[in-house]
Amino acid sequence: MRLSRYFLPVLKENPSEAQIVSHRLMLRAGMIRQQAAGIYSWLPLGYRVLKRIETIVHEEQIRAGHIPLLMPTLQPADLWRESGRYDDYGQEMLRIKDRHDRDMLFGPTNEEMITDIFRGSVNSYKDLPLTLYHIQWKFRDEVRPRFGVMRGREFLMKDGYNFDIDKDAALHAYNRHMVSYLRTYERMGLTAIPMRAASGPIGGDNTHEFLVLAQTGESEVFYDDRVVDLKLGDRQVDYDNRAEVAGVCQEFTTLYARTDETHDAAAFDQIPEAHRKVGRGIEVGQIFYFGTKYSESMGATVVTADGSRVPVEMGSHGIGVSRLLGAIIEASHDDKGIIWPEGVTPFHCGIVNLKQGDAATDAASDSLYKALAAKGLEALYDDRNERAGNKFATMDLIGLPWRVTVGPRGLEKGVVELTSRKTGLSEEMTPEAAVERLVQIYAAHR
RNA sequence: CGGGGCGUAGCGCAGCCUGGUAGCGCGACGGUUUUGGGUACCGUAGGCCGUAGGUUCGAAUCCUAUCGCCCCGACCA
């Protein structure tokens, strides 16, 4: 993409309404624009990252054997009356009447609807196990939305629901989600720690929240800091192997890690003092096993091998997709701007043409741009007629992980400069070598 | 929902107390200059001063109401 033809309304100054760093940077980098309290438009740069995150979530869910579908944002109230949550949910649920005076609502979650879909088409144990999920906009009418997309009223969420024949199978689904979530966050360059949590109105007694450590987090967290070093890395997990999946979960949940809701001071004190940490975290996902809470109230049953009919065992699992943008920025930025991890960056690299209008630098920048495209790499080419300082500042602000600088000085020697946003270190090399290096870097993020 | 703050140009703000032709910086646009870290100069455009009502000869300014936004707390898959 040529910057001269793109829509990237960056701001030099901090908008006064934004208090925390991720919100400020998203506004300044031209990623979002607020339309009402807690409701945002996603401008092109923000939309790219959002789509990138969504893609990773999809890929990891599908890898785990889960099946995507798409349910609507608007739901009929009757479904919620059936589960009993229409009255329970309270003011957070946005209630709407249609022209025929029917009660509707903007979905804050989809347990009822997915259960309705399930019971309408699934009757036999032979159709299980089944895990369905979607990535769809939710609306929760928060009393006080804040922190930009971190606590918006409208937000994009992946929510999945497993249907299993018995508790063991359902707990395997729970574990499978934990592993797939760990992979998902790692691909985004995040360390998200599974922490035992409280289940709240959703019910059930088995639940973990995934928290990204950040000073601006809304939850207080207590943990053994050795959990931070746990990594899934390159290992291949067979998602159908119950013991293997359970083993990974065991590995990631044995060390103490809890939010203030479930904190146990006595257990915490058992941790060696050097590893005992209290901090704050951003919740970016949660998994639940809740058994037959919804299947019983809504009549979602299957016929078993012996001919009897039983309510299915269920769980639900969520990832805050739009919130992740804020969480990633909170975890990865400096005083100049955002630092995107390679896995979620809106463009693979930036190209800064230091002397726009100069025949040699224009030609070199242009051919570099095309060479990258030929290798499937998307560059944001700053071809504006601006000062170098302005171009560098823009690139730093929007946080592309790599920048190729093309200038007359370097071209005399036949080189361009490849700079890491994260370390700030630059290396001179031929344009061909720069392309090859970027190809290698991104090979690990395909 | 309780407490506090703020609505004036795209962004950041001054002016309000003490009523009298709406300003500054950045940005945008045109030009000159410049070109390896937000350059300099000249010029131009852009505002029902959130909205409605009131007081007054006269309201961005005083009064009332209302809408919106932000922060703290409470709340929160």
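Each chain gets a letter, A, B and so on, in the order its sequence line appears, and its residues count up from 1. All figures in this text were calculated on a predicted structure; none of them were measured in a lab.
Counted by atom type alone, A/Thr207 and A/Gln286 present one or more donor-acceptor pairs between their side chains at under 3.5 Å. At a cut-off of 3.5 Å, with distance as the only test, a side-chain donor of A/Arg85 or A/Tyr294 sits close to an acceptor on the other residue. If you check the side chains of A/Tyr161 and A/His317, you find no donor sitting under 3.5 Å from an acceptor. Between the side chains of A/Tyr223 and A/Asp225, no donor-acceptor pair is found at a separation under 3.5 Å.
Between the side chain of A/Glu13 and the base of B/G27 there is no donor-acceptor pair of N/O atoms closer than 3.5 Å. Judged by distance alone with a 3.5 Å cut-off, a donor-acceptor contact links the side chain of A/Asp396 to the base of B/G37. No hydrogens or angles were tested; on distance alone, nothing pairs the side chain of A/Glu386 with the base of B/G38 as donor and acceptor under 3.5 Å.
Nearest to the side chain of A/Lys12, among B/C11, B/G37, B/G27, sits B/G27. Residue A/Thr109 places its side chain closer to B/A77 than to any other of B/U35, B/G38, B/A77.
The interatomic distance linking A/Tyr89 (OH) with B/C75 (C1') rounds to 13 Å, in whole Å. The interatomic distance linking A/Asp260 (CG) with B/C75 (P) rounds to 11 Å, in whole Å. Between A/Asn14 atom CG and B/C11 atom C1' the separation is 10 Å, expressed in whole Å.
For A/Arg437, the CZ atom is loosely surrounded, since the number of other residues' heavy atoms within 6.0 Å does not exceed 12.
B/C1 and B/G46 are spaced 42 Å apart, taking the P atom of each and rounding to whole Å. Annotation: B/C11 and B/C57 have their C1' atoms spaced 38 Å apart (nearest Å). Using atom P as the reference point in both B/C48 and B/G27, the two lie 23 Å apart (nearest Å). The same atom, C1', is picked in B/C13 and in B/G7; the two are 13 Å apart, to the nearest Å. Using P as the reference atom, B/C71 and B/G12 are 14 Å apart when rounded to the nearest Å.
Nearer the 5' end of RNA chain B, as judged by each residue's closest nucleotide, is the contact made by A/Asn385, out of A/Gly318 and A/Asn385. Residue-to-nucleotide proximity on RNA chain B shows that, of A/Glu209 and A/Asn390, the 5′-proximal contact is made by A/Asn390.
At the heavy-atom level, A/Arg33 lies nowhere under 4.0 Å from the strands shown. As judged by a 4.0 angstrom heavy-atom cut-off over every strand, A/Arg153 is placed among residues making no nucleic acid contact. As judged by a 4.0 angstrom heavy-atom cut-off over every strand, A/Gly285 is placed among residues making no nucleic acid contact.
Checked against salt bridge (Lys or Arg N to Asp or Glu O under 4.0 Å), A/Asp224 has the following partners two or more places apart in sequence or in another chain: A/Arg226.
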Every protein N/O within reach of nucleotides 70-73 of chain B N/O, cut-off under 3.5 Å:
unit_1 : atom_1 : unit_2   : atom_2 : d
B/C70  : OP1    : A/Gln34  : NE2    : 3.2
B/C70  : O3'    : A/Glu17  : O      : 3.3
B/C72  : OP2    : A/Arg144 : NH1    : 3.2
B/C72  : OP2    : A/Arg144 : NH2    : 2.8
B/C72  : N4     : A/Arg144 : NE     : 3.4

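The distance from the CZ atom of A/Phe155 to the CH2 atom of A/Trp137 is 10.0 Å, given to the nearest 0.5 Å.
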